[in-house]
Structure formats: C-alpha cells, structure tokens
Chemist: 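My questions all concern the structure below.
By convention here, the first residue in the shown sequence is residue 1.
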Amino acid sequence: MAVSSSHMRFTFECRSDPDFSPPPSFDNLRRRNFRSSAGSGAAFHGVSSLIYRFPPNFQRQLSTKARRNCSNIGVAQIVAASWSNNNASNPAAGAPAPPAVSAADAATVPLPVDITADEDVVVSANDAVAAAADENGAVQLNHSSYSSFLKSDASKTIHAAERLGRGIVTDGITTPVVNTSAYFFKKTADLIDFKENRQVSYEYGRYGNPTTVVLEEKISALEGAESTVIMASGMCASIVLFLAVIPAGGHLVTTTDCYRKTRIFIETFLPKMGITTTVIDPADVGALETALEQHNVSLFFTESPTNPFLRCVDIKLVSELCHKKGTLLCIDGTFATPLNQKALALGADLILHSLTKYMSGHHDVLGGCVSGSTKVVSQIRTFHHILGGTLNPNAAYLLIRGMKTLHLRVQQQNSTGMGMAKILEAHPKVKRVYYPGLSSHPEHELAKRQMTGFGGVVSFEIDGDLHTTIKFVDSLKIPYIAASFGGCESIVDQPAILSYWDLPQSERAKYKIHDNLVRFSFGVEDFEDLKADVLQALEAI
C-alpha cells in the first residue's frame, strides 16, 4: 500500500481477523502479514494518528461481482473501514496519537454497508488510503475513475486496472503473477458464508485469478465494456461464445470470409445441436435482413476486418438491424484492435479478440477474450467456468506486459501497412492488393468512418501461379513463414498452403483462396528495411 508523502511499515499474512499488535520490525517486511504502523516520529508523519478498524463482516457484504476483483488473501479488510478518530482530519506531523483500539473492540464495530449484487466494487490496497466514512460510519471509496486522468487509449494500455490499485496487495509497479490453483477458507463457517453469498472468493483457479482480472479490466477500459472474460485462446473464446448464447435449435448468421477453424466449427459441430447457419457476404446487408426475417437469429457473428481479405462490416448499420429483431451482434475485432476500432461504441453487443495477435504482440502467448455488457458476459463466463479453457496467470502477465506497448506497435504497423500497401499496389508483379486503407478496397469509405487505422496486415495476389508465389515468399529475408500475425516480427504465409492445403484447388477457389494469394503481417521493423526486402523478393520472380 503506497501513501503519498508518508512512510509506512508493513508485512503480509493471509488472515481475516483484525490485528492491532505492535508494529513489526522492518526486517520482517517480506512476511505476509499486513499491519499498519501508527508509531510516532518523523518517519511516520502524516499517518501516525490513524488507526484502521477492519470489521470482520466487510467481506461478507461485498457483491458477487466484487469477488472477481479481489483474492481471498484478506484484501477486503484493507479496503476498509471507519477512522478511529471519529472522522477527524489528519493531525499535523508530530501530534500525539489517540489511544489504540483493541482487537476486541475493533471486531465489534458494525459496518453499515449495503452493497448490492450489481454494484462494481474494486478492492485494492490503495483504496484503504482513499477510504473515508460518512456520518453513519459507512465506507465511501473515493478513488476517481480512469476517465478523469487517462484520456487516451495509449495511457489506458499502460495504466488501466493497475494505476488505481489492483486486487493484489503490493506496492510493486508491475502486476504480480498469482500462481495458485485454489483459494483456501480459514474455517468451515467462511466456506458456508461463501456458498451463501456472504463472503467472496475465487474458490478455484478455473473461476478466476487476481492477475487475470487485471487483464480483463484493462481490456474493458480499452473497449469501453462493462465486463470482459479471458480464455485460453481466441478459438476457445469463439466456441464458448457460440455455445453460451445460441440455444439448441437456434440460428446463427456469419460471413463468407473468416478464420477457417471458426468456419469448421460452425459447419461441423453446431449442427449436432440443431443449430443452423446462414452465411452471407460481409457487405450484403440485404441478405442479413432476409435472414433476420426468415429465422429467429440468436447471433450475428462476423470479423471486421475479415481474414484474409480484410473486408469490413458496417457495424452501426447491422447492429441496428439486429437489435430490431432481438439478435446479438458480436464483432471479432482481432485485425482491428481496440485502438483502431471501437465496435461496442458503434453498436455491437460483444467484441471478441484473439489476444495472441496484436494485443500480445510478441508471438509468445495464446489468449482470447469476449467483452460487452455484464449481463451477456456473465452468461458466457458461467459457461466458460464449466468448459474450462482457463488462461494460465503467467500468460495473463505476459499479455498485460505486451499491452503496455500496444499503442506504439499499432502506430508503427498502421504506418508500415499503409505504406507497403501503396507500394505493392503500384508494382507490376502484384495483381491485386486487399487493404482497407486503399481507395480500391470495396469498403474503403466505410473503413474510414469506423476505423482510425487499418493495421499491419496486407493481403495481395502475385501475378503468377503457386510456384511463382512460393519463390517470392522464399526470397524474403526478414519475415518468418508462419501462422499468426500482429507481432513485433513480420510474418508471411500463403493461405492456400498454410490454411487450405488439405482441400483441392477447386474447393479452395470457392473461398477465393487462390494459389497466388499472400498474407503479409508487417511487424515493427524499420519501414525502409521491409520495403527493400519486399522489392528484392519481387525482383527475384
């Protein structure tokens, strides 16, 4: 717990009872017992007269939603309480301290707090400093909202869910990794209280983790979402979404251009539950209207931009059409990132990301997420807890770390993508370029309206056959031939080989996956180096 212009000594211990024993020595700082020192002297000026009372019933009065914001390590007691000096302001340094309150007295102090199930309570060590009591002794948490001082996405990627405190007691700048598979209860009565919603806990690693919660809240801040649920991969997030919001016998609408594994699940597994699907062109609004009229559509799921042709869907328009029929709209915004497109603000109900790509940005971790309203995300979260697919907290830490440079990376990739798309389109050995930033793109005007940047992925067709395209790819020196995109390192692939090689050429053609198609994910290398490499590879064919 950090206090401005003050010095405090504290250690940590997992305990739920108040402890007002004498302050420990500084040598015991690394132990796990949190105690505020109220000693005298210059070293403790500013807080010397403050005695915190930690009512034992405070945890029991937290909302269910607040359970995801703190771990079962006694953090709730830190948040809170009434001042023992009857709301008096802090005395000046060196002023005599009031008598200490005994542990027995503190245990009997009532805390008249009524926190309903839908209130959003963020529990953190910093809140102890910001806490104040009203005339009746009720806790008032005075922390300001992120919007008051984090005006840009660039700042939110760094500070959101961390700068104002976390559900982990630490004065470290970086969020710690909480490696645990379960959370203990001190006594059986606490477990019963938890089961009867009077006490909070993650209970089990599949249901939550303090490190992962920081990641969830950071993404929610970027997307402007009420809630976010994190899963082990983007594909896991898609599958859990489908199974959670589409009932047996329901109907799904999706688009022709999409990640192939998503299409395989839709075509192969959903029919086993009686779920039918209408597939439309991303720009065919008329086909969407027809589907909405003819079917009881539970969900319209589409990427925007799409993979690999970077088609764009008019999110504002289709959200209005869907909502008139009571249909949910989920946008897979992996290719856009929250920095280039705000799908929820445009009207989407849900936004999905493969965190493996731009959000991580380092090709070293898998992850996926779904963000939206608390009501719908809670439905998805409940199903996720049953199915599993839980993100390891070490992976959550890597994603938090990666997101801190998201704005810098995306700025560079937007710039490089736009510059290389123009160069490729003008080159005689390139037949066609697919990039929303180009005026030749079919949804260019739409992309300009709903996006602030167009990303680092450029798809294009070489003027040649399969072997000519292979020669171009193999002549490149900087990019890796690999799956994925959005990372620091440039990556290149031929979708016909990487994603569709098991299909005959005639079947690939149905999806417009021709042998000469290249998907190039530009990283954060120097633009001139990438330009020279691409041009020399084109000259080699």
Side-chain angles (χ1 to χ4, degrees), residues 153 219-228 234 237-238 241-242 245-246 251-259 262 266 277-292 297-354 357-359 368-373 375-377 380 410 414 434-438 441-455 457 486:
D153 286 344
I219 294 170
S220 290
L222 281 174
E223 288 289 6
E226 292 179 357
S227 183
T228 295
S238 297
L241 165 71
F242 294 149
V245 305
I246 308 174
H251 194 83
L252 167 72
V253 176
T254 190
T255 51
T256 51
D257 192 30
C258 69
Y259 178 51
T262 304
I266 290 172
T277 303
T278 296
V279 182
I280 65 173
D281 183 89
D284 195 344
V285 176
L288 174 61
E289 290 179 300
T290 299
L292 292 171
V297 181
S298 302
L299 175 69
F300 177 28
F301 176 83
T302 178
E303 301 167 4
S304 187
T306 62
N307 181 21
F309 294 109
L310 306 172
R311 301 289 304 277
C312 297
V313 175
D314 191 331
I315 300 172
K316 185 176 185 297
L317 176 58
V318 300
S319 67
E320 293 171 353
L321 295 174
C322 288
H323 294 160
K324 288 178 182 178
K325 295 294 184 178
T327 299
L328 291 174
L329 170 64
C330 179
I331 300 295
D332 182 336
T334 302
F335 274 81
T337 79
L339 273 63
N340 283 335
Q341 180 175 275
K342 301 291 187 185
L344 298 181
L346 291 167
D349 300 287
L350 298 166
I351 177 72
L352 182 146
H353 290 283
S354 170
K357 312 304 192 298
Y358 285 105
M359 302 283 261
C369 71
V370 181
S371 304
S373 69
K375 179 181 179 181
V376 180
V377 173
I380 299 167
V410 169
N414 284 343
Y434 303 91
Y435 189 72
L438 297 176
H441 190 278
E443 287 88 45
H444 175 62
E445 293 300 321
L446 169 63
K448 288 198 300 181
R449 291 199 306 271
Q450 68 184 25
M451 299 180 72
T452 56
F454 308 109
V457 177

Chemist: Does one side chain, of T262 or S238, offer a donor that lies under 3.5 Å from an acceptor on the other?
Modeler: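 No, no side-chain donor-acceptor pair sits under 3.5 Å.
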
Chemist: Dump the intermediate steps for side-chain contact (heavy atoms from CB on, under 4.5 Å) on H441 and Y435, then the final yes or no.
Modeler: CA-CA 6 Å; H441 190 278; Y435 189 72; 5.5 Å; no

Chemist: What's the spacing between H251 NE2 and I246 CD1 if we round to 0.5 Å?
Modeler: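 Those atoms lie 9.5 Å apart.
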
Chemist: I'd like to check L288 versus V318 (side-chain heavy atoms, cut-off strictly below 4.5 Å). Are they in contact?
Modeler: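 Yes, at least one pair of side-chain atoms sits under 4.5 Å.
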
Chemist: Tell me which pairs pass salt bridge (charged side-chain N to carboxylate O under 4.0 Å, His left out) where either residue lies in residues 277-290, with sequence neighbours left out.
Modeler: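 For residues 277-290: D281-R311.
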
Chemist: Just verifying a value: how many Å separate L350 CG and F301 CZ, rounded to the nearest 0.5 Å?
Modeler: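 Spacing of CG (L350) from CZ (F301) equals 10.0 Å.
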
Chemist: From Y259 OH over to N307 CG, what is the distance, rounded to the nearest 0.5 angstrom?
Modeler: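 Nearest 0.5 Å value for the OH-CG distance: 8.5 Å.
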
Chemist: If every non-hydrogen atom of V297 is compared with every non-hydrogen atom of A291, which pair is closest and at what distance?
Modeler: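 Scanning both residues completely, I find the closest heavy atoms to be CG2-O, 3.6 Å.
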
Chemist: Quick one: are Q450 and S304 in side-chain contact, heavy atoms under 4.5 Å?
Modeler: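 Sidechains of S304 and Q450: in contact.
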
Chemist: Would you check if K448 and P436 make a side-chain contact, meaning some heavy-atom pair closer than 4.5 Å?
Modeler: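 A side-chain contact under 4.5 Å is absent here.
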
Chemist: Is there a side-chain contact between F454 and Q341 (heavy atoms, below 4.5 Å)?
Modeler: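 No, every pair of side-chain atoms sits at 4.5 Å or beyond.
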
Chemist: So, the side chain of N414 versus the backbone of G453: is there a donor-acceptor pair under 3.5 Å, distance only?
Modeler: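 Not a single qualifying donor-acceptor pair exists.
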
Chemist: Would you say D332 and T334 are linked by a side-chain donor-acceptor pair, where the criterion is simply a distance under 3.5 Å?
Modeler: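 A donor-acceptor contact under 3.5 Å links the two side chains.
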
Chemist: Would you say F335 and L310 make side-chain contact, with heavy atoms under 4.5 Å?
Modeler: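 SC-SC contact between F335 and L310 confirmed.
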
Chemist: Please give me the minimum heavy-atom distance between P282 and T256, naming the atom from each residue.
Modeler: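 Heavy atoms of P282 and T256 come nearest at CD-OG1, 3.6 Å.
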
Chemist: For E223 and P338, which heavy atoms make the closest approach, and how far apart are they?
Modeler: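 So the minimum-distance heavy-atom pair works out to OE2-CG, 3.3 Å.
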
Chemist: Are side-chain heavy atoms of V457 and P308 found at a separation under 4.5 Å?
Modeler: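 The answer is no, as the side chains (C-beta and beyond) never meet within the 4.5 Å cut-off.
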
Chemist: Return the CG to CG distance between L321 and L317, rounded to the nearest 0.5 Å.
Modeler: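 Interatomic distance, L321 CG to L317 CG, rounded to 0.5 Å: 5.0 Å.
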
Chemist: Does V253 reach the side chain of T277, with side-chain heavy atoms less than 4.5 Å apart?
Modeler: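 Not in contact.
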
Chemist: Do L344 and L346 come close enough that some side-chain heavy atom pair is under 4.5 Å?
Modeler: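 L344 does not reach L346 side chain to side chain.
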
Chemist: Please confirm whether the backbone N or O of K316 pairs with a side-chain atom of S319, one donor and one acceptor, at under 3.5 Å?
Modeler: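 A pair under 3.5 Å: yes.
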
Chemist: Identify the two heavy atoms, one from V377 and one from S371, that lie closest to each other, and give their separation to 0.1 Å.
Modeler: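 Heavy atoms of V377 and S371 come nearest at CG2-C, 3.9 Å.
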
Chemist: List the atom of L241, the atom of C330, and the distance in Å for their closest heavy-atom pair.
Modeler: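 Taking every non-hydrogen atom into account, CD2-SG, 3.6 Å.
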
Chemist: Look up atom SG in C312 and atom CZ in R449, then write down how far apart they are to the nearest 0.5 Å.
Modeler: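 C312 SG to R449 CZ: 10.5 Å, rounded to 0.5 Å.
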
Chemist: Starting from the C-alpha separation in whole Å, work towards a yes-or-no answer on salt bridge (charged side-chain N to carboxylate O under 4.0 Å, His left out) for K375 and D349.
Modeler: CA-CA 11 Å; K375 179 181 179 181; D349 300 287; over 6 Å; no

Chemist: Any donor and acceptor pair, going by atom type alone, linking the side chain of K325 with main-chain N or O of S298 inside 3.5 Å?
Modeler: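 Flag not set: sc K325 to bb S298 has no pair under 3.5 Å.
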
Chemist: Between I280 and T278, does a side-chain contact (heavy atoms from CB on, under 4.5 Å) hold up when you go through it step by step?
Modeler: CA-CA 7 Å; I280 65 173; T278 296; 3.9 Å; yes

Chemist: Shortest non-hydrogen contact from I219 to M359?
Modeler: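 In this case the closest contact between I219 and M359 is CG1-CE, 4.1 Å.
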
Chemist: Could you state the interatomic distance from CG (L299) to CG (L328), rounded to the nearest 0.5 Å?
Modeler: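 L299 atom CG to L328 atom CG measures 6.0 Å (nearest 0.5 Å).
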
Chemist: Could you go through C258 and T306, starting from their C-alpha distance and side-chain angles, then the distance that decides it, and tell me whether this counts as side-chain contact (heavy atoms from CB on, under 4.5 Å)?
Modeler: CA-CA 6 Å; C258 69; T306 62; 6.0 Å; no

Chemist: Step by step, work out the side-chain contact (heavy atoms from CB on, under 4.5 Å) result for I351 and V370.
Modeler: CA-CA 6 Å; I351 177 72; V370 181; over 6 Å; no

Chemist: Does the T327 side chain pair with the main chain of H323, one donor and one acceptor, at a distance under 3.5 Å?
Modeler: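 Absent.
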
